[in-house]
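Numbers here simply count residues along the sequence, with the first being 1.
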Amino acid sequence: MPPELSAFNPEYLKVFAVIFCLAMAAPGMLYILRRRTIGRQSGPRKLLSSEIFSLFASLYAFFLGFSIVTLWGCFVSAKNVVNAEAGAVLTTARMSVPLDRSEPFRQALAVYVRSVIEDEWPAMDNGDAMSERSSELFADVWNAYYAMKPADKDSWSQYSGVGQSLAEVNRQRFSRSQTLSGNLFPPIWVVLGFGLVGVFAGLLLTNPEQTATMVLMEIIVAFMVFSCVYLISDLSTPFSGALSVGPSPFQDVYARMLAMPGPAG
C-alpha cells in the first residue's frame with residue numbers, strides 16, 4: 001500500500017490525536033457555555049426542538065458526505081494523472097532510443113524528471129503551485145526534441161511518435177496543475193463553516209442537563225464532525241497535507257531512465 005494511504009502514517013496519528021483532544025474538550029466548553037447562557041435562566045428554559053436539530057444534522061451530514069465523495073474523486077483523479085504523466089515520460093524516453101542524436105533529448109528529459117521530484121513536489125506541497133524551474137526544464141526538453149529532428153525521411157515516423165508522446169506529457173502536466181487546489185465549489189465552504197457552528201449550537205440547546213450519556217454523545221459527535229472537516233480540508237489539496245499524492249511514479253521512471261542507453265543523469 002502506498003505510504004500516503006497507510007493507516008499507520010505517523011502524521012495521521014498526530015492529526016487524529018489532536019482531533020481526539022479537541023473532541024474530549026468539547027463537553028467542557030459546552031458546559032461553560034450552558035452555565036453562562038441558558039443556565040442563568042429562571043423558570044422553564046426555551047430549548048431547540050430535537051426534531052429541528054435532527055433535520056439540520058441530516059442536511060449537514062449530506063453536505064459533509066457530498067464534499068468528501070467529491071474531493072475523493074478529485075484525489076483519485078490527481079493520482080491517475082500523475083501515473084499517466086509518469087508513464088508518458090517513460091514511453092517518450094524509450095521511443096527516442098532508436099533515433100540518431102537522441103541522447104541529449106533523454107538527458108534533458110531525465111533532468112526534468114529529477115526536477116519534478118526535487119523541486120516541483122515540494123512547491124506543490126508548500127505553496128500549491130507548480131515549480132518555475134521544472135517548467136523551464138520542460139521547455140528545454142521541447143528544444144532538445146526539435147534539435148534531434150532527423151534528416152532522413154525514414155525516421156520521421158519514429159520522430160513524430162516521440163513528439164506525440166511528449167505532447168501527452170505536456171497535457172498530463174497541465175491536468176496536474178489544474179488539480180492543485182480549488183476542487184470544491186467555494187460556497188460549500190461557507191455551508192460547512194456555518195454547519196460546524198450549528199452542530200455545537202444544537203448540542204448546547206437540545207439538552208441543558210449534561211448527563212454522562214450526553215457527554216459521551218458530545219465527544220462522539222465532536223470527533224466525527226472535526227474528522228470530516230479535516231478530511232475535506234486535506235483532500236481539497238491532493239498534493240499537500242497528510243493525505244497526498246506522492247512522486248513515487250516519477251521516482252520509478254527516473255530510475256528506469258538512468259538504466260537506458262546513453263547518458264541520462
Side-chain angles (χ1 to χ4, degrees), residues 4-5 9 11-12 14-16 18-23 25-27 29-30 33 37-38 46-82 84-85 120-131 171-207 217-246:
E4 62 268 18
L5 298 180
N9 188 320
E11 193 169 353
Y12 294 163
K14 293 178 183 178
V15 168
F16 283 104
V18 172
I19 291 176
F20 180 75
C21 292
L22 291 175
M29 296 299 298
L30 291 172
L33 287 174
T37 54
I38 60 177
K46 295 181 180 180
L47 302 176
L48 179 66
S49 169
S50 59
E51 289 79 8
I52 296 177
F53 180 61
S54 296
L55 176 61
F56 166 80
S58 298
L59 289 173
Y60 189 55
F62 166 78
F63 276 100
L64 288 175
F66 167 79
S67 301
I68 291 176
V69 170
T70 299
L71 292 174
W72 181 254
C74 294
F75 179 86
V76 173
S77 177
K79 192 174 184 66
N80 291 336
V81 165
V82 169
E85 183 183 359
E120 195 146 74
W121 240 261
M124 293 190 299
D125 184 11
N126 299 326
D128 293 333
M130 304 290 278
S131 167
R171 189 180 72 83
Q172 296 295 347
R173 175 178 170 80
F174 178 78
S175 297
R176 174 160 56 88
S177 71
Q178 300 303 301
T179 62
L180 295 179
S181 60
N183 295 310
L184 194 64
F185 191 46
I188 297 296
W189 289 108
V190 178
V191 175
L192 293 175
F194 274 99
L196 182 62
V197 175
V199 166
F200 288 99
L203 292 175
L204 176 70
L205 299 174
T206 50
N207 190 353
M217 289 305 301
E218 288 172 350
I219 292 174
I220 294 174
V221 170
F223 183 84
M224 290 300 297
V225 172
F226 286 149
S227 296
C228 287
V229 172
Y230 161 72
L231 287 174
I232 291 170
S233 176
D234 198 19
L235 285 172
S236 65
T237 53
F239 297 99
S240 62
L243 184 63
S244 60
V245 180

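- Using a 4.5 Å heavy-atom cutoff, the side chains of Thr70 and Phe185 are not in contact.
- Residues Val221 and Phe200 fail the side-chain proximity criterion, which asks for heavy atoms closer than 4.5 Å.
- Between Phe223 and Phe16, the angle of the ring planes lies from 30° to 60°, which puts this pair in the tilted group.
- Between Trp121 and Val82 there is a side-chain heavy-atom pair separated by less than 4.5 Å.
- Between Leu180 and Met124 the shortest heavy-atom distance is CD2-SD, 3.4 Å.
- Interatomic distance, Ile232 CD1 to Phe63 CZ, rounded to the nearest 0.5 Å: 11.0 Å.
- Looking at Phe75 and Leu71, their side chains never come closer than 4.5 Å, going by heavy atoms from C-beta outward.
- Between the CD1 atom in Ile219 and the CZ atom in Phe20 there is a gap of 7.0 Å [rounded to 0.5 Å].
- The CZ atom of Phe194 lies 10.5 Å from the CZ atom of Phe56; values are rounded to the nearest 0.5 Å.
- Residues Leu196 and Phe226 are in side-chain contact: their nearest non-hydrogen atoms beyond the backbone lie under 4.5 Å apart.
- Rounding to the nearest 0.5 Å places CG of Leu243 at 9.0 Å from OG1 of Thr237.
- At a threshold of 4.5 Å between non-hydrogen side-chain atoms, the residues Ser244 and Asp125 do not count as touching.
- The two atoms that bring Ser240 and Asp234 nearest to each other are O-OD1, 3.4 Å, heavy atoms only.
- The structure places CZ of Phe239 at 8.0 Å from CE of Met130, a figure rounded to the nearest 0.5 Å.
- No side-chain heavy atom of Val18 sits less than 4.5 Å from a side-chain heavy atom of Tyr230.
- Closest heavy-atom contact between Leu30 and Leu204: O-CD1, 3.7 Å.
- The two atoms that bring Ala26 and Ala222 nearest to each other are CB-CB, 3.8 Å, heavy atoms only.
- Considering CG of Leu64 and CD1 of Ile188, their distance stands at 10.5 Å, rounded to 0.5 Å.
- With Ser175 contributing its side chain and Arg171 its backbone, the two residues share a donor-acceptor pair below 3.5 Å.
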